[in-house]
Amino acid sequence: MSGGLVENIALGFSVALSPTGLMFCLAGVSLGMVVGVLPGIGTLAAIAMLLPLTYKLDPAAALIMLAGIYYGAAYGGSITAILLNLPGTANTAVAALDGYPMTRQGRAGVALLLTTIASFAGSILGLLVLALGAPLLAGVALRFGSPEYFSLLVLGLVCAALLSSGKPLRMLAMVVLGLLIGTVGIDPSSGFNRLTFGLPSLFDGFNLVAVVLGLFGLPEVIRNAGSIQGGMVRARDITWRTMLPSRDDWRRTPGPILRGTGVGGFFGALPGTGGTVATFVAYAIEKRVNRQPERFGDGAVEGVVAPEAANNAAIQTAFIPTLTLGIPGDVVMALILATLIIHGIQPGPAMLSAHPQIFWGLAASFLVGNLLLLVLNLPLIGLWVRLVSLPYRFLYPVIVVLVCIGVYSISNTVFDVWLVVVFGAIGYFMTLLRCEPAPLLLGLILGPLLEEHLRRAMLIGRGDPMVFLNRPLSAIFLAIAALMVLWLVVAAFRAARRNRRGGIMPG
Amino acid sequence: MPSLLRYTHLICGLTGLGIGLFVLWHVNAYPMGTSTRMGPGYFPWMLGALMVVLSLGVLALEGRGVMAPDMPRPSWRGLIWILLSIAAFAALAERAGLAPAIMASVLLSARADDSLTLLSSLILGAICAAFSSVLFVLMLGLPLRVIAL
């Protein structure tokens with residue numbers, strides 16, 4: 001650790017409040033709002049498209065901007081989820097369950113104001129956890145050796161597969177496929193060409209941005225082209241007066257915000273899980289603890305506020321494992337991790353002391369960015385609603401062009417653009433076959449790290465795999481992962497037996 | 001086609017099995033090394049074997065997957081035009097220049113949606129081409145010519 005907490009915070013604000021810091025923070029959160037509001041552009045695709053533009057930036061500025069897109073999109077996505085029942089991002093889908101009914105009851109203003117407050121509160125509390133927790137975790141992780149890292153990576157990948165919405169075995173196979181794709185290229189330790197089939201363009205491995213845009217960006221565009229209408233929305237009469245919550249609303253809010261933040265903070269900090277899971281869990285908990293669960297789905301304030309707080313808290317705490325362990329919680333974090341690596345910074349416990357300006361600058365920028373969002377969100381609500389009414393038919397050809405240019409610009413080669421075509425087709429078929437691409441992407445990004453730690457650990461253990469079980473922390477990580485896989489295999493066996501007896505099971 | 005896509009576990013399992021077996025066969029030629037000093041083939045071989053095991057598991061256990069009622073029908077039209085649009089960009093960007101590549105890309109991708117007329121897609125393409133040429137080539141120094149004939 002370099003310096004005390006106060007010095008670190010001062011350092012952080014000196015980065016975040018510098019003219020470049022402020023500018024990229026504002027650019028990030030505004031872009032995030034736009035991305036969140038517009039249906040048909042995911043956060044991930046947006047970050048992937050902008051990634052090439054950040055190569056020439058200072059790494060702190062690049063990270064501040066990309067992170068701003070992430071949490072900005074969470075604010076923006078909740079606006080359309082509440083007003084139009086059109087969640088702009090997956091994380092805000094739950095907010096529509098009770099948010100949209102509130103809109104239909106003419107209480108859209110209240111819902112928007114309270115979610116904004118909840119998002120802000122969740123972010124700030126999550127940020128506190130980040131600022132206090134990351135240095136602690138980094139301190140512990142500094143003592144990690146390769147066996148611990150390997151086991152933790154395995155656990156993270158297993159979590160990513162099992163906590164996604166797909167069928168578990170299939171998702172595990174997707175992780176392995178991602179790991180395999182990650183081995184393509186020149187093996188760093190032997191210089192041997194692996195799975196490149198003599199294509200020089202593959203010697204450095206698959207271009208990550210091309211894969212992300214192909215697997216995530218294109219299927220979204222393909223699905224939405226011709227089916228999203230848009231243009232039917234009108235800025236409803238949302239005035240400051242209609243935003244005023246009743247005393248009853250105020251009374252109902254603080255509990256859900258705190259519980260939501262707790263849930264979000266927890267799930268965000270787990271490697272392998274992200275905000276989407278947190279929002280569902282937060283909603284379920286509110287429904288359970290509430291004395292009138294029947295109000296949920298019918299415009300219950302608690303059902304809007306808790307998931308939003310959870311989502312925003314999870315986004316903040318998701319940076320903890322990403323920055324201190326180098327293990328991302330979800331795909332967006334994986335991309336942020338990749339950004340750091342591209343800038344030559346290895347995320348991990350040493351990062352906090354080696355690059356304190358990046359970590360603390362980023363943390364301080366979260367506070368600045370959330371304040372900016374508070375200002376951008378409500379007063380400009382008319383603008384955001386008008387943005388949704390932008391017809392998708394004009395939007396998606398522009399997205400396609402931006403994807404092409406963005407991918408080309410990474411290493412100025414059309415080979416990468418062709419890769420987008422290939423991975424776009426694969427990604428679309430994967431969505432049809434219900435193979436979620438997220439676990440694959442995590443495998444792809446973490447694969448090289450996993451192999452390196454496996455190699456080193458086996459070297460330490462003189463070729464004996466018991467090295468993973470002789471160390472207590474490593475053994476615990478592996479045991480949790482093994483229990484999860486075991487539980488899933490048993491569940492799959494049971495489901496298969498039920499199928500045979502009872503015929504077809506949906507899903 | 002949707003009738004075939006119902007059997008997602010068969011398609012996934014067989015594809016995975018194929019990939020796993022291919023990797024095992026292909027990687028067999030790589031130096032394996034020992035478990036203490038792993039060669040370049042060691043890790044991919046492990047992954048290939050794991051892939052085979054998991055794919056067999058998918059085939060054996062995941063039962064028949066049935067399309068959920070809320071699942072959108074496959075949009076072949078969107079798929080084909082969007083992919084063609086990107087392929088056109090890839091084919092034209094270096095040979096013909098950024099502007100023609102963007103024009104072709106917009107015209108092709110616009111075909112995925114009925115509601116865009118030829119005239120409006122031409123206008124949209126022209127705006128995109130002009131804007132991108134100024135922003136990316138002139139301002140950000142993207143090494144592509146605007147028009148190369």
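Per chain, numbering begins at 1; letters A, B, ... match sequence-line order.
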For chain A, which candidate among [options] shows the most heavy-atom pairs at distances under 4.5 Å?
{"options": "B/Leu79, B/Val27, B/Val23, B/Leu50", "answer": "B/Leu79"}
{"options": "B/Gly39, B/Ser109, B/Gly125", "answer": "B/Ser109"}
{"options": "B/Ile102, B/Thr15, B/Ile127, B/Val106", "answer": "B/Ile102"}
{"options": "B/Thr34, B/Ile19, B/Leu144", "answer": "B/Leu144"}
{"options": "B/Ser132, B/Ser55, B/Ser105, B/Pro31", "answer": "B/Pro31"}
{"options": "B/Gly48, B/Pro44, B/Gly20, B/Gly57", "answer": "B/Pro44"}

Using a cut-off of under 4.5 Å for heavy-atom pairs, which of [options] has the most such pairs with chain B?
{"options": "A/Asn412, A/Thr413, A/Asn193", "answer": "A/Asn412"}
{"options": "A/Met458, A/Glu451, A/Met430", "answer": "A/Glu451"}
{"options": "A/Val403, A/Leu177, A/Leu195", "answer": "A/Leu195"}
{"options": "A/Thr183, A/Val401, A/Ile405, A/Val407", "answer": "A/Ile405"}
{"options": "A/Val420, A/Leu172, A/Val398, A/Leu454", "answer": "A/Leu454"}

Contact class of [X] relative to chain B, heavy atoms under 4.5 angstrom:
{"X": "A/Cys404", "value": "both"}
{"X": "A/Phe415", "value": "neither"}
{"X": "A/Leu402", "value": "side chain"}

A/Phe192 atom CZ, neighbour heavy-atom count above 12 within 6.0 Å: yes

Any heavy-atom pair between the side chains of B/Arg145 and B/Val137 that's under 4.5 Å? no

With the side chain counted from C-beta on, respond yes when A/Asp187 and B/Tyr30 share a heavy-atom pair under 4.5 Å apart, and no when they do not. no

What part of B/Leu116 is in contact with chain A, defined as an atom under 4.5 angstrom from a non-hydrogen atom: side chain, backbone, both or neither? both

What part of B/Ile86 gets within 4.5 angstrom of chain A, counting heavy atoms only: side chain, backbone, both, or neither? both

Parallel, tilted or perpendicular: which fits the ring planes of A/Phe197 and B/His26, with parallel below 30° and perpendicular above 60°? tilted

Indicate the ring-plane relationship of B/Trp76 and A/Tyr428, choosing parallel, tilted or perpendicular according to the 30° and 60° boundaries. perpendicular

Only one of A/Arg455, A/Glu452, A/Arg456 passes side-chain hydrogen bond (donor to acceptor under 3.5 Å, both in side chains) with A/Ser189, and that residue is A/Arg455

Please name the residue in the list A/Leu449, A/Leu442, A/Val158 that meets the side-chain contact (heavy atoms from CB on, under 4.5 Å) test with A/Leu153. A/Leu449

